[in-house]
Protein chains: 2
Amino acid sequence: MSLVETDDIEGGESLSLHQRILSDIREKILSGAWAPGHRIPFEHELTAQYNCSRMTVNKALSQLAKAGLIERRRRSGSFVRQPQSQAAVLELHDIRIEVEALGLPYRYERLGRVKRRSSAEDRALLGLSAPGQVLALESLHFAGERPFALEKRLINLSAVAEAGEEEFLDIAPGPWLIGRVPWSEAEHRIRAMAADDAIADALDIEASAPCLVVERRTWSAEHPVTHVRFIYPAESHTLVARFTPSQG
Amino acid sequence: MSLVETDDIEGGESLSLHQRILSDIREKILSGAWAPGHRIPFEHELTAQYNCSRMTVNKALSQLAKAGLIERRRRSGSFVRQPQSQAAVLELHDIRIEVEALGLPYRYERLGRVKRRSSAEDRALLGLSAPGQVLALESLHFAGERPFALEKRLINLSAVAEAGEEEFLDIAPGPWLIGRVPWSEAEHRIRAMAADDAIADALDIEASAPCLVVERRTWSAEHPVTHVRFIYPAESHTLVARFTPSQG
DNA sequence: CGTTTCAATATGTATATACATAATCGCCAT
DNA sequence: ATGGCGATTATGTATATACATATTGAAACG
């Protein structure tokens with residue numbers, strides 16, 4: 001039995017050997033041909049089958065291991081792992097891009113801007129322990145005539161002092177921060193909520209109508225940078241997440 | 001200027017060289033010391049600084065490139081990328097695990113089970129073009145006494161024939177499918193919705209109360225396998241997604 | 001019979017080397 | 001000037017090799 005013809009007569013697809021080994025093995029696993037627990041051929045066997053060096057095989061297998069598709073055990077070999085905990089990559093677009101993708105004109109409007117000493121709630125949201133200055137912003141993103149999302153944001157001025165000088169009248173805080181502050185970690189919370197009166201008013205929807213709430217906390221090298229809460233009317237928004245295990 | 005002392009006197013942390021190069025460069029980028037656009041040292045410079053071979057440096061840089069932190073251009077060098085489109089990894093736990101993590105007893109109850117020829121709507125949800133048999137399931141997941149989530153699922157029997165023989169009285173379709181059908185791709189849609197009467201009744205909440213809806217479509221090697229819609233009462237559920245760029 | 005020891009084995013990491021490929025720079029001829 | 005061409009350069013991919021390390025299985029020993 002051989003995984004491939006060593007002399008590939010047909011599709012000389014200009015795939016690198018590395019890529020070919022990767023996709024061959026992925027295919028075997030995803031098709032179910034190699035069930036979880038199955039021992040995949042030893043490196044030296046693959047070396048022979050693909051007629052290449054062990055380093056090339058090793059790189060491919062290491063990558064599959066890092067992607068979580070296989071598990072490698074010294075002296076024992078490499079094994080197909082149990083189905084992984086399902087995880088999906090959730091792309092969190094810029095709202096402007098999202099709106100424009102819908103073919104609607106985008107408009108941003110700053111509602112409020114307050115610089116203040118952090119309240120206990122501010123600190124809780126940002127994950128701060130010591131008090132300090134924060135900037136609280138409230139703004140609306142429009143798709144055409146209609147409000148698309150309400151944004152409530154806190155910025156930790158100890159981490160991003162320059163934000164204190166910015167009015168955010170013409171630029172939304174999201175794009176402003178991106179590119180200025182490299183972020184090392186982010187956390188999102190997604191939930192449904194009934195609109196309270198203030199939200200309903202801002203978004204021009206009925207009170208207690210369902211909304212999708214996306215909260216994001218961002219850190220840069222351990223320091224909390226910002227906490228933001230996007231509130232979308234239920235109709236206007238669906239988050240899409242896709243997942244393909246271990247691509248390339 | 002040198003990234004590290006070539007003879008590391010202090011922390012001989014038993015980190016592999018590969019790991020050390022990776023984390024050094026990541027640190028520079030995430031701390032902002034190397035801003036987006038900055039050209040990071042050429043491979044041969046890093047080779048000299050770390051006193052190692054180019055292959056080792058190359059492997060580290062390739063990994064950073066694959067993680068999206070840097071961009072490599074032939075003849076020009078490697079550059080710190082603009083902040084990536086924000087993406088987060090959303091873990092989609094098994095509901096049983098989620099409930100038990102809350103310290104509540106988990107219970108599953110099948111509400112309905114119908115085997116039928118796929119309707120146009122079924123095909124649209126599953127992404128099928130040709131008609132065929134599908135299994136429609138409706139079930140409830142409980143956390144303690146209270147309904148935690150309502151599940152509405154379609155299974156494509158052309159892809160998973162054995163599902164037609166299963167009653168799903170004692171095992172939820174999710175766990176049943178996992179481990180039986182390897183999935184190669186999944187897509188999620190997350191949105192908020194007002195509970196209609198049927199949903200409100202099943203979940204024991206008020207009509208038009210806000211709910212979080214998570215829809216998932218799963219493929220196995222191009223074939224649609226299942227479409228499932230989880231409906232959570234707003235209070236009971238928050239999805240959490242975390243992201244750290246390019247972990248080693 | 002149980003334990004220790006040792007050799008065999010598969011993976012982990014690193015090196016030196018080689019050639020391919022793409023992009024850029026500068027030279028040269030038009 | 002300007003358009004093309006070749007040399008240069010940095011990365012991309014692969015090889016052969018070497019030694020480290022963890023684990024297993026079997027032999028040796030008390």
Boundaries of the chain B footprint along DNA chain D (any atom under 4.0 Å from a heavy atom): dT8(D) to dA14(D)
Looking at every strand, decide which applies to L61(B) at a 4.0 Å heavy-atom threshold: base, sugar-phosphate, or nothing. nothing
Can you sort out the partners of R39(B) under salt bridge (charged side-chain N to carboxylate O under 4.0 Å, His left out), two or more places apart, ordered by chain and number? E45(B)
Tell me whether the NZ or CZ atom of R96(A) lies within the 45° cone about the ring axis of Y106(A) and under 6.0 Å from its centre. no
Under the 3.5 angstrom rule, does the side chain of T226(B) hit a backbone N or O of L154(B) as a donor-acceptor pair? yes
Check for me whether R216(A) meets the cation-pi criterion with F230(A), that is, NZ or CZ under 6.0 Å from the six-membered ring centre and within 45 degrees of the ring axis. no
salt_bridge(R217(B), E215(B)) N-O dist < 4.0 Å: no
Over all heavy atoms of both residues, which pair between V99(A) and F142(A) is shortest? Give the atoms and the distance, please. CG1-O, 3.9 Å
Could you list, one pair per line, each protein nitrogen or oxygen that sits under 3.5 Å from a nitrogen or oxygen of nucleotides 3-10 of chain C, together with the distance?
{"from": "dA8(C)", "atom 1": "N3", "to": "R75(A)", "atom 2": "NH1", "distance (Å)": "3.3"}

Residues S139(A) and R110(A): side-chain donor-acceptor under 3.5 angstrom: no
Are H141(A) and E98(A) linked by a side-chain donor-acceptor pair shorter than 3.5 Å? no
